[in-house]
Amino acid sequence: MSTSNSYDTDKVVQSANFLKSRMNIKPKLGIICGSGLSGIGEIVCNKTIIAYKEIPSFVESTVPGHKGQLVFGQISEKDVICMQGRFHPYEGYEAWVVGFPIRVMKLLGIEILIITNAAGGINDSFNVGDFMLIKDHISFPGLGGYTPLKGPNDAMFGPRFPPMNEAYDSRLSNLWLQAAKDLKFDSFMRRGVYCNVSGPSYETIAELRMLSKLGGDAVGMSTAQEVVTACHAGMRIVACSLITNKCIMEYDTKETVSHDEVLEVGKKRAKDMEELVVKFLELVQLD
Ligand SMILES: O=P(O)(O)O[C@H]1O[C@H](CO)[C@@H](O)[C@H]1O
């Protein structure tokens, strides 16, 4: 049984079968490009590109900086599938719609998921342009009931009550840090807790102060629904934010935040994020 409020496994299977019919590789690695970071998809070799609008049951990416296409091919000589564009709750999508491509990736054989995003820096020691390896998240939509796992559980993917304490894989995270070290990126490679909020309005000063008190280091409007879907399905996850702006935590300032600024910083820092992905994929060992 499924409702429009939850996954329909037949539709996931249909999408996966469509993609299998168009693919000549069997990737175990998936990548999601964050806002302004779609350049990761450009470094894929021997590319096959499929627009989301061609894929059954995929919705469209409506946010600037998200191309709305899947790219298959190789990075560091490893087969990958790369989402150039993600779906966000604020675009009006149910949580299961946001997680839908992740379930499709599961059926395609993806075991490891690399998630990237753009985020605002709450931690005062963070600078614009830093990277933050995500060690954990706080999902306000999730705690409030906006979860991709709402509705009947399909045991084919995972259990009714999945644990989340190891959602961000420690071995992969160490490998990510190793990749950063090899590239001499240590000085701007941070670690921290990602706060997922609904958006699309940026946060108020009072909200940001609260997130800081709760232990948040960065804030963004994505990722948590993907992580919950992937973790439920037994995928191993490594996730990294690009800090595109310092969150405004004081009143009476002329500073502001905008998506243009987010994309601008994404453009400036894209090459380093791409190098990190390349190095990480060189280091990662597949079973
Ligand atoms: O999380 P990604 O998709 O990288 O994008 C971030 O940037 C947008 C806001 O500028 C929001 O969508 C936020 O979540």
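Just so you know, these numbers use all the heavy atoms, side chains as well, and skip hydrogens, waters and symmetry mates.
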Where do Glu250 and Arg209 land on the salt bridge (Lys or Arg N to Asp or Glu O under 4.0 Å) test, with the steps shown first? CA-CA 9 Å; Glu250 301 298 331; Arg209 289 181 176 182; 3.3 Å; yes
Checking Lys279 side chain against Ala180 main chain: does a donor-acceptor pair fall under 3.5 Å? no
Using a distance-only test with no angle check, is there a side-chain donor-acceptor pair under 3.5 angstrom linking Ser258 and Asp260? no
Tell me, do Ser198 and Tyr146 make a side-chain contact under 4.5 Å, heavy atoms counted? no
Do Tyr194 side-chain atoms and Ser222 backbone N/O form a donor-acceptor pair below 3.5 Å? yes
Heavy-atom side-chain proximity of Leu133 to Val238 below 4.5 angstrom: yes
Evaluate the side-chain proximity of Leu214 to Phe140: yes if any heavy-atom separation is below 4.5 Å, no if none is. yes
Closest heavy-atom pair, Thr116 versus Ile32, reported as atoms and distance to 0.1 Å, is OG1-O, 2.8 Å
Less than 3.5 Å apart, any donor N or O on the side chain of Gln178 or Asn174 sitting next to an acceptor on the other? no
Just wondering, do Arg86 and Val98 contact through their side chains at under 4.5 Å, heavy atoms? no
Donor-acceptor pair between Asn245 and Glu255 side chains, under 3.5 angstrom: no
Is Glu54 paired with Arg22 through a side-chain N to carboxylate O contact shorter than 4.0 Å? yes
Just say parallel, tilted or perpendicular for the rings of Trp176 and Phe280, cut-offs at 30° and 60°. tilted
Check the angle between the aromatic planes of Tyr52 and Phe58 and answer parallel, tilted or perpendicular using the 30° and 60° thresholds. tilted
Pairwise side-chain contact, Val97 with Glu91, heavy-atom cut-off 4.5 Å (strictly under): no
Can you pull out every ring-ring contact (aromatic ring centres under 6.0 Å, His included) where at least one residue sits in residues 251-275? Sequence neighbours excluded, please. none
